[in-house]
Every structure is written in structure tokens, then in C-alpha cells.
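Worth saying up front: this structure is predicted, and the values here are computed from it rather than measured. Nothing fancy with the numbering, it's 1 onward along the sequence. Ligands are counted one by one from 1 in listed order, and the atoms in each one are counted from 1 as well.
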Amino acid sequence: MSAKKLFDNTEIAFALKSDSELERAYFLFKMISIEPLVKIGTAATNFALKAKLPIEGLIRATVFDHFCGGVNEKDCLPVIDKMYQKGVSSVLDYSVEGKENEQEFDSAKDIILRIMNFSKEIKAMPIAVFKPTGFGRLSLYEKVGKGEALTSEERSEWSRVEARFDAVCKRAQDNNIEVLIDAEESWMQDAADALVTKMMQKYNTQKAVVFNTLQMYRHDRLAFMKKEHEKAKNEGYFLGYKFVRGAYMEKENERAEKRGYTSPICPNKAATDENFNEGLRYAADHIDTISIFNGTHNEESSYLLMDLMESKGIAKNDSRIWFGQLYGMSDNISYNLAAEGYNVAKYMPFGPVKDVMPYLIRRAEENTSVAGQTGRELMLIEREKKRRKS
Ligand SMILES: Cc1cc2nc3c(=O)[nH]c(=O)nc-3n(C[C@H](O)[C@H](O)[C@H](O)COP(=O)(O)OP(=O)(O)OC[C@H]3O[C@@H](n4cnc5c(N)ncnc54)[C@H](O)[C@@H]3O)c2cc1C
């Protein structure tokens, strides 16, 4: 099959979905393609959860079960198993967001360490992930990033954040797995970046164990990567990068406008796409020192990395290159790549329903506002429904 048609195979894409699961996915994407509905739905859901109205069942039966593996890691295991039979690995993602206290940060770290011990036993989970704000307050990252003086209390708070990063990165090295560190709002990212670089210096001495995330919708990320690359080469450690476009565009642009500074986001989608693809080209050119996790649902960027691998004679299953999508999205990319022998992993979010709402809302908004994405999911599901009937 010609490479440019690979992702059109819906039989492979949806092999794990029963007819009724396919219908549910169709209904869901139809609903979230309607922007006003998502806006009203988001507001109503937030209100209902705050008012403790009994809507968890409804959320579970719709968006939650489509985009999440379960409320705890054990719920996810049967799904992980099924996916692995088709060659797709899972990155269990504890997707609880917006927590602000030490106890919750410690608990998030402990859950992630526990998952990493599963990973030691279960081949289907070769990669772990965490969010910097899962381990510390956003405003503290912001303050550290700006280089502002910390109080002695804040200094010890920051050293606890660092210790949480260190514990997880060390566990990744000990268990011979990789750890991805997500990227978030630009105003907290400088401090997170500096911390991740520290972890790379410590744990990436033999290969990339710790991966930072580059949000390529930011116009400064290529230069950032090149600078980090010089540093890594000089000091003799490996880089690992998860490439994504970035999930906080509206928030970033709004804040920049409100406060009167230049937005860190590329001026248009085409510029983001070019920036993303240029990042992949640079990393692929330096694959001996930069490992790649290609976190995207964009078919062109996925085909591009396949082409780069082929032209450089890099094996499809080279351990330095992974393709990644989110659970519940772009199965046509994930399963067709896996069937061809590439390394593929899907983020599988889990957590209590009300705590994963920010994640679910981002997915709903993304599928509404990102032109083409939902249309494509719907078109693929329609095509598969037709194929099954014929
Ligand atoms: C495995 C995985 C891990 C992820 N981890 C993170 C993470 O750590 N941090 C994070 O922020 N996101 C993360 N994301 C989400 C990601 O950033 C995107 O929101 C999402 O994947 C959509 O982008 P895309 O490359 O799939 O495809 P596309 O649909 O081609 O691109 C959509 C993206 O393009 C950008 N864009 C759209 N319109 C414009 C415009 N007018 N101007 C400039 N840019 C524009 C936005 O970033 C938008 O999300 C992750 C995604 C995946 C698949």
C-alpha cells in the first residue's frame, strides 16, 4: 500500500471496536462537532459537578469512556491488553488537574511511581508520563521561571517539586522505561524546562530516558531545541523530545492580548505546521543524540516522520522513535502504523470523572475548533460502518 494511503485503512483502524462502540463514537463526534453545544455542555457540566448533581453516569457513558481508560489504573488493564494485541502500547496518564496542595502532589507522584512498577512487569506500558503542575503549584513555577526571589518556605516547596521530578525520573531509569514530561502554559514552562534539563543531565547519560515536550505552536521552540542540543552535546548527555503542536492556544493568545505582550504562539496554523515539521526534521537529522516522540494526530506530520526514517535508513521499530496519539482519537494513524511495525503508544488518561473534566473539555474544544479533525474522525467512522455492512 502506498505510504500516503496507509491511514485510510479503516478495517485496521477500528478492528477493536464493536459495531455499538463504533456507533457511540460516531454519535459523540457528531455532538462535539457542534461548537455551541460544546460551550453550553461545558458550562452546564461544570455547574452540575459543582452543584453535585448526579451527572457522573452520563459523563461516563459518553465522553469519559471514549477518551479515558477508567477511573483507576486497574480499570485500564483490560483495554491496555487489547490494544497491545494489535501492537499499540499505552502511556497511562493520571489526568487529574488543577490540584494545589502538597498532599495531592505527593499522591500524584506516588500513583505515577506505582504505575511505573506495573510498567516493569507489563511490556505494553514502556513509557510513563506526568504533568509538571501535577507535582507543584503553577504560580510557583511562574515565580521560579521569572527568577523572582523565593521566601524560605517557597524554597523548600520548590525543592520538594524537584524531589518529585527526581523520584519519577530515577524510577524510569531503574525500571528501564522512558518518562515523558508534558508541557503546559508558557508562563510556567521556563521553570519546568530548567528542571527537565537537570533531569536529562542526570538520567540521560546512556540514552534518552527523560523526555521534555516541545509545543511547536510556540515560535521560540526550534531555537530552544537547538540551544539545548548544543548544551547536551557539550556536556555529553542525550535529549528526548515529545513534539506536539500545543493545547493552550486560546488561553495563550487571550492572556497575551490582555496583558499587552507578543503572543508566544505562531501567527497562523501554517506557521505552526512548518515549525512542527522543521522540529521533526532537525531531530531526525540528529537521531544519534535526540530521541523523538511524535505526539500528533496530523497525518502529514506522521507521514513526514515515516519518510524521514525511510530516507535515513532508520528501522521502523528503532527504539529512539515513537509515534503517539491520544486514546479515543486518530485510531487510523495508531493502528495502521503499528500494523506496519512502527513503535506506537497512545496516552490513556484515567482518574475520577470530575477530576479529569479539564482534560475532557480540552478534547471536546479541540475537536470543535480544530478545523478538519472531527470531520475526519466522522468520515472514517462512516466509511467503516459502510464497509461492515457491505
Ligand atoms: C500523545 C500526545 C501528547 C500530547 N501532549 C501534550 C502536551 O504535553 N502539551 C500540550 O500542550 N499538548 C499536548 N498534546 C496535544 C497537542 O498539543 C494538540 O493539541 C493536539 O494533538 C492537536 O494537534 P495535532 O498535531 O494533532 O494536529 P492538528 O489538528 O494538525 O493541529 C491542531 C493544532 O494546531 C495549532 N493551531 C491551530 N490553529 C492555529 C492557529 N491559528 N495558529 C497557530 N497554531 C494553530 C494548535 O496547537 C492546535 O492544537 C498532546 C497530543 C498527543 C497526541
Open item on the list: Could you tell me, atom by atom, which parts of ligand 1 come under 4.0 Å of a heavy atom of T296?
Closed with: 24 (P), 25 (O), 26 (O), 53 (C)
TODO: Determine, stepwise, if the pair C68 / V356 fulfils side chain to side chain contact (heavy atoms under 4.5 Å, CB included).
DONE: CA-CA 9 Å; C68 297; V356 301; 4.2 Å; yes
TODO: May I ask you to check if K385 and Y26 form a cation-pi contact, with NZ or CZ under 6.0 angstrom from the six-membered ring centre and within 45° of the axis?
DONE: yes
Open item on the list: When you compare ligand 1 with R363, is there at least one nitrogen or oxygen pair between them that comes in under 3.5 angstrom?
Closed with: no
Open item on the list: Test of understanding: given a 4.0 Å heavy-atom threshold, classify the contact between N268 and ligand 1 as side chain, backbone, both, or neither.
Closed with: backbone
Task: Exercise: do T133 and E184 side chains pair donor with acceptor under 3.5 Å - done: yes
Open item on the list: Out of all atoms in ligand 1, which are within 4.0 Å of some heavy atom of M249? Include the element for each.
Closed with: 36 (N), 37 (C), 38 (N), 39 (C), 40 (C), 42 (N), 43 (C), 44 (N), 45 (C)
TODO: Number the atoms of ligand 1 from 1 as they appear, then name those within less than 4.0 Å of a heavy atom of H297, with their elements.
DONE: 21 (O), 24 (P), 26 (O), 53 (C)
Task: E300 to ligand 1, any heavy atom closer than 4.0 Å - done: no
- [ ] Output the distance between atom CZ (F276) and atom NZ (K269), rounded to the nearest 0.5 Å.
- [x] 9.5 Å
TODO: Please check if any side-chain donor atom of T272 sits under 3.5 Å from a side-chain acceptor atom of R218, or the reverse.
DONE: no
TODO: Within a distance under 4.0 Å of any heavy atom of C266, pick out the atoms of ligand 1 and give their elements.
DONE: 42 (N), 43 (C)
Task: Proximal atoms of ligand 1 relative to Y248 (non-hydrogen, under 4.0 Å) - done: 11 (O)
Open item on the list: Any nitrogen or oxygen of D182, side chain or backbone, less than 3.5 Å from one on ligand 1?
Closed with: yes
- [ ] May I ask whether F130 and Y248 are part of the same hydrophobic cluster, defined by side-chain heavy atoms of I, L, V, M, F, W, Y residues being less than 4.5 angstrom apart, directly or through others?
- [x] no
Open item on the list: Please report whether ligand 1 has a polar contact with P267, defined as an N or O pair separated by less than 3.5 Å (distance criterion only).
Closed with: no
Task: Nearest-0.5 Å distance that lies between atom OH in Y303 and atom CD1 in I333 - done: 8.0 Å
TODO: Please could you name the atoms of ligand 1 that A183 approaches to less than 4.0 Å, counting only its heavy atoms?
DONE: 7 (C), 8 (O), 9 (N), 10 (C), 11 (O)
Open item on the list: Given P132, G246, A247, identify the one with the heavy atom nearest to atom 49 (O) of ligand 1.
Closed with: G246
- [ ] Classify the side-chain pair N117/N175 by whether it contains a donor and acceptor separated by less than 3.5 Å.
- [x] yes
Open item on the list: Quick check: R245 and ligand 1, any N/O pair under 3.5 Å apart?
Closed with: yes
Task: E11/K17 ion pair, N-O < 4.0 Å - done: no
- [ ] Could you tell me whether the side chains of D93 and Y359 share a donor-acceptor contact shorter than 3.5 Å?
- [x] no
Open item on the list: Show the atoms of ligand 1 that are less than 4.0 angstrom away from any heavy atom in G324.
Closed with: 1 (C), 53 (C)
Task: Donor-acceptor pair between D182 and Y347 side chains, under 3.5 angstrom - done: yes
- [ ] Check each heavy atom of F276 against ligand 1 and say whether those closer than 4.0 Å belong to the side chain, the backbone, both or neither.
- [x] neither
TODO: Could you pull out, from T272, L326, N253, I333, the option with a heavy atom nearest to atom 52 (C) of ligand 1?
DONE: L326
- [ ] Say whether E184, considering both its backbone and side-chain N or O atoms, lies within less than 3.5 Å of an N or O atom on ligand 1.
- [x] no
TODO: Decide yes or no on ring pair (Phe, Tyr, Trp, His ring centres under 6.0 Å) for F211 and Y241, but give the supporting numbers first.
DONE: CA-CA 5 Å; F211 283 59; Y241 282 121; 8.3 Å; no
Task: Region of Q215 engaging ligand 1 - heavy atom pairs below 4.0 Å - done: side chain
Task: Q325 N/O to ligand 1 N/O under 3.5 Å - done: no
